[in-house]
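It should be emphasised that the depicted structure is a prediction, and the values quoted were computed from it without experimental measurement. Atoms within a ligand are numbered from 1 in the order they appear, just like the ligands themselves.
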Amino acid sequence: MDRYALFGNPVAHSVSPQIHAAFAAQTGQALRYEKREVAPADFRSAVDDFFTSGGKGLNVTLPFKADACTYAARVTPRARAAAAANTLWQDSDGTLTGDNTDGIGFVRDLAVNSLIRIDGKNILVLGAGGAARGIFGPLLEQHPARLHIANRTAARATELANCYGEHVTGGGLENWPDTRFDLVVNATAAGHGGAAVAPPAELLARAWFGYDLSYGAAAKPFLDWARTHNAARVLDGWGMLVEQAAESFYLWRGVRPNTTEVLRDGREWRP
Ligand code: ATR
């Protein structure tokens, strides 16, 4: 049976094996998908061992996404732009290839599953780390009117914004632009410590949406804050997780699973 795996540290919480098992059952693909906690120093040798022993494809999560992008001999433009890869496989010529499906997973969850329009909207992204970088390319392809990146370390946000066009701006958590935001995306790691990064309430549009890229307990502080600030809708990263998995599955197998069933049924085993 074809073997796939998730490498990360930690991985105990991950439900990716259940998601991929559901996709495999639905599409009639014979495969096995496991998760493996890899010591940081062993990442590259673990990747080599996996493929040498016949493994077909890897998902990579924290803290290895940047290393996966550097280690892959070939990367897609969207992985290069994000400086992070979450999906690895060997091309027909044996070349280790990396892609990043996080951003497209995020956009699909917004635009297709949640019917939230991005074009012409003002978007605020909180955070300028790896999670934020992963979504910018696919997000900008949807033509928002404006994208502002706000980060605790302002220089990191302005540097990132300078990589894009003039409708992308960056700054710290003190100087906010004079804009009403339709969508606020939390891409900070603050929720892991039980805190929420909160923009001033007067910057929120009348019917605004709150989206946290994480899910489970880590998403709660931001989503609670969004609810108390009258967000028309709040979403955690569950849909994004399922959609990025579907895109990886498609890259590996050439078959696109229907995510509707997993989005619905998976709520029983999601963290
Ligand atoms: P990831 O790959 O998960 O994005 P990262 O690269 O370490 O991880 O980035 C974490 C992000 O969360 C950064 O934007 C970080 O802000 P800094 O660039 O100033 O470090 C942000 N972050 C983490 N903890 C935070 C907190 N308690 N308050 C505000 N922002 C926080």
Side-chain angles (χ1 to χ4, degrees), residues 6-14 16 37-38 40 43 59-71 75 78-88 98-107 123-139 147-164 168-177 181 183-201 203 210-226 229 236-238 240-241 244 271:
L6 169 71
F7 282 5
N9 193 335
V11 286
H13 64 285
S14 172
S16 289
E37 185 165 303
V38 174
F43 175 67
N59 276 142
V60 174
T61 188
L62 297 178
F64 301 124
K65 289 184 187 183
D67 201 11
C69 187
T70 315
Y71 193 44
V75 290
R78 63 188 179 189
R80 191 175 305 112
N86 73 338
T87 309
L88 296 172
D99 197 356
N100 190 321
T101 65
D102 287 332
I104 189 72
F106 169 66
V107 166
I123 299 178
L124 173 62
V125 175
L126 304 168
R133 268 203 322 266
I135 62 170
F136 288 137
L139 197 51
L147 175 62
H148 182 74
I149 309 163
N151 194 46
R152 181 175 61 182
T153 310
R156 227 178 151 190
T158 44
E159 250 169 56
L160 200 51
N162 288 341
C163 303
Y164 300 98
V168 182
T169 53
L173 302 180
E174 281 83 36
N175 301 318
W176 298 88
F181 292 103
L183 171 67
V184 182
V185 181
N186 180 38
T188 74
H192 292 279
V197 175
L203 300 189
Y211 196 113
D212 196 310
L213 298 187
S214 53
Y215 56 93
K220 194 171 179 305
F222 174 76
L223 297 183
D224 283 349
W225 173 84
H229 286 78
D236 72 4
W238 169 249
M240 172 178 173
L241 180 79
Q244 63 79 30

Kindly indicate, with the supporting measurements, whether the criterion ring-ring contact (aromatic ring centres under 6.0 Å, His included) is fulfilled by Y211 and F106.
-> CA-CA 10 Å; Y211 196 113; F106 169 66; 4.9 Å; yes
Which pair of heavy atoms, one from L213 and one from V185, lies closest together, and at what distance?
-> CD2-CG1, 3.8 Å
Below 4.0 Å from any atom of ligand 1, is there a heavy atom belonging to A128?
-> yes
Polar atom proximity, G127 to ligand 1 (N or O, under 3.5 Å) = no
Any N or O of L173 closer than 3.5 Å to N or O of ligand 1 | no
Which residue holds the protein heavy atom closest to atom 16 (O) of ligand 1, what is that atom called, and what is the gap in Å?
-> N151 OD1, 3.2 Å
Which heavy atom of G170 sits nearest a heavy atom of A161, and at what distance?
-> N-CB, 3.5 Å
Min N/O separation A132 to ligand 1 under 3.5 Å | no
Nearest protein heavy atom with distance in Å, relative to atom 12 (O) of ligand 1 = A189 N, 2.9 Å
What heavy-atom pair brings N151 and A128 nearest, and what distance separates the two atoms?
-> OD1-N, 3.3 Å
Pick one of side chain, backbone, both or neither for how T188 approaches ligand 1, counting any non-hydrogen atom pair under 4.0 Å.
-> both
Taking all atoms of both residues into account, what is the closest heavy-atom pair of D212 and F222, and its distance?
-> OD2-CB, 3.3 Å
Min N/O separation L62 to ligand 1 under 3.5 Å = no
Taking all non-hydrogen atoms of both residues into account, name the closest pair between V11 and E37 and its distance.
-> CG2-N, 3.5 Å
Shortest protein heavy-atom distance from atom 24 (N) of ligand 1, along with the residue and atom involved | R152 NH1, 3.6 Å
